[in-house]
Amino acid sequence: MPQPWGGHSGPSMLASHADRERAVDVLRAGYGEGRMEQAEFEQRVARAYTARTVGELALLVADLPQGPVAQPAAGAAVPRTFLAAPRPRTNGKAVAAAVCGLLCLPTMGLTGIPAVVLGHAARSETRRSDEGGDGLALIGLVLGWMSVAGWALVVGLAVLLTVSAGAG
């Protein structure tokens, strides 16, 4: 059975002032949670301060859920409060939109429409979920729409030139 105070000695080991204070802290927590009446709390605290051995202290707090705990050693684990928040998962469609957008130039704009479609889908999904990648989706959208606009301009000019050549 593990020692309640973190030591390796038995319950007959003499209690220190720190051991008594830890037991009283556990009793205070139990009282604060409504696990005992004030009269019982005061009686247990008085017995804790007069306890001679670690075993006596362990009996005073044995029925409380926290029980006696050892003081954390230096270099103990960092509480979750101080840990960096985990980075959200990046949306796959956002990555694909950015890649398609970047490939618009080498593919002569053929990946522009997929970049736009994937970019809109990714932005919609990132708003509804905890996923990241909104910036990647936006890059895909901008480059994709620029490609589509470029092709629309080329086709418009071709039609305009064809119409003006046929009229003249």
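The basis for the numbers below is simple: all heavy atoms, side chains too, and nothing from hydrogens, waters or symmetry mates. The model shown is predicted, which means the values in this text are computed figures rather than measured ones.
With sequence neighbours left out, Arg44 forms a salt bridge (Lys or Arg N to Asp or Glu O under 4.0 Å) with Glu40, Asp63. Arg47 meets the salt bridge (Lys or Arg N to Asp or Glu O under 4.0 Å) test with no other residue; sequence neighbours excluded. For Glu56, the side chain to side chain donor-acceptor pair (under 3.5 Å) criterion is met by Thr53, not counting sequence neighbours.
Residues Met13 and Leu59 fall into different hydrophobic clusters, defined by Ile, Leu, Val, Met, Phe, Trp and Tyr side chains chained together at heavy-atom separations under 4.5 Å. A continuous path of ILVMFWY side-chain contacts below 4.5 Å connects Val26 to Val45, so both sit in one hydrophobic cluster.
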- Query: Between Val61 and Arg22, is a side-chain contact (heavy atoms from CB on, under 4.5 Å) present by the stated rule, with each step listed?
  - Reply: CA-CA 10 Å; Val61 296; Arg22 282 192 291 270; over 6 Å; no
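When all heavy atoms of Leu136 and Ala94 are compared, the pair lying nearest together is CB-O, 3.6 Å. When all heavy atoms are compared, the tightest approach of Leu27 to Leu60 is CD2-O, 3.7 Å. Of all heavy-atom pairs between Gly119 and Ala137, the closest is O-CB, 3.7 Å. Scanning all heavy atoms of the two residues, the minimum distance from Leu57 to Ala51 falls at CD2-CB, 3.6 Å.
A donor-acceptor pair under 3.5 Å links the side-chain atoms of Trp151 to the main chain of Met108, judged by distance alone. In this structure, Asp19 contributes its side chain and Ser16 its backbone to a donor-acceptor pair below 3.5 Å. No side-chain donor-acceptor contact under 3.5 Å links Thr111 to the backbone of Thr107. Looking only at distances, a side-chain donor or acceptor of Ser164 sits under 3.5 Å from a matching main-chain atom of Leu160.
With a 6.0 Å radius and a threshold of 12 heavy atoms from other residues, nucleotides or ligands, Ile113 has its CD1 atom at or below the threshold. Other residues, nucleotides and ligands contribute at most 12 non-hydrogen atoms within 6.0 Å of the CG atom of Leu105.
Clustering of Ile, Leu, Val, Met, Phe, Trp and Tyr by side-chain heavy atoms under 4.5 Å joins Leu153 with Leu157.
Rounded to the nearest 0.5 angstrom, Glu131 CD and Thr126 OG1 are separated by 8.0 Å. Interatomic distance, Lys93 NZ to Ser124 OG, rounded to the nearest 0.5 Å: 8.5 Å.
Under 3.5 Å, the side chains of Glu21 and Tyr49 contain a donor-acceptor pair of N or O atoms.
Under the salt bridge (Lys or Arg N to Asp or Glu O under 4.0 Å) criterion, the residue pairs touching residues 132-148 are Arg123-Asp134, with sequence neighbours excluded.
Between Phe41 and Arg28, some side-chain heavy-atom pair lies under the 4.5 Å cut-off.
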Listed pairs under 3.5 Å, donor-acceptor, residues 139-149 side chains, sequence neighbours left out:
residue : atom : partner : partner atom : Å
Ser147  : OG   : Gly109  : O            : 3.2

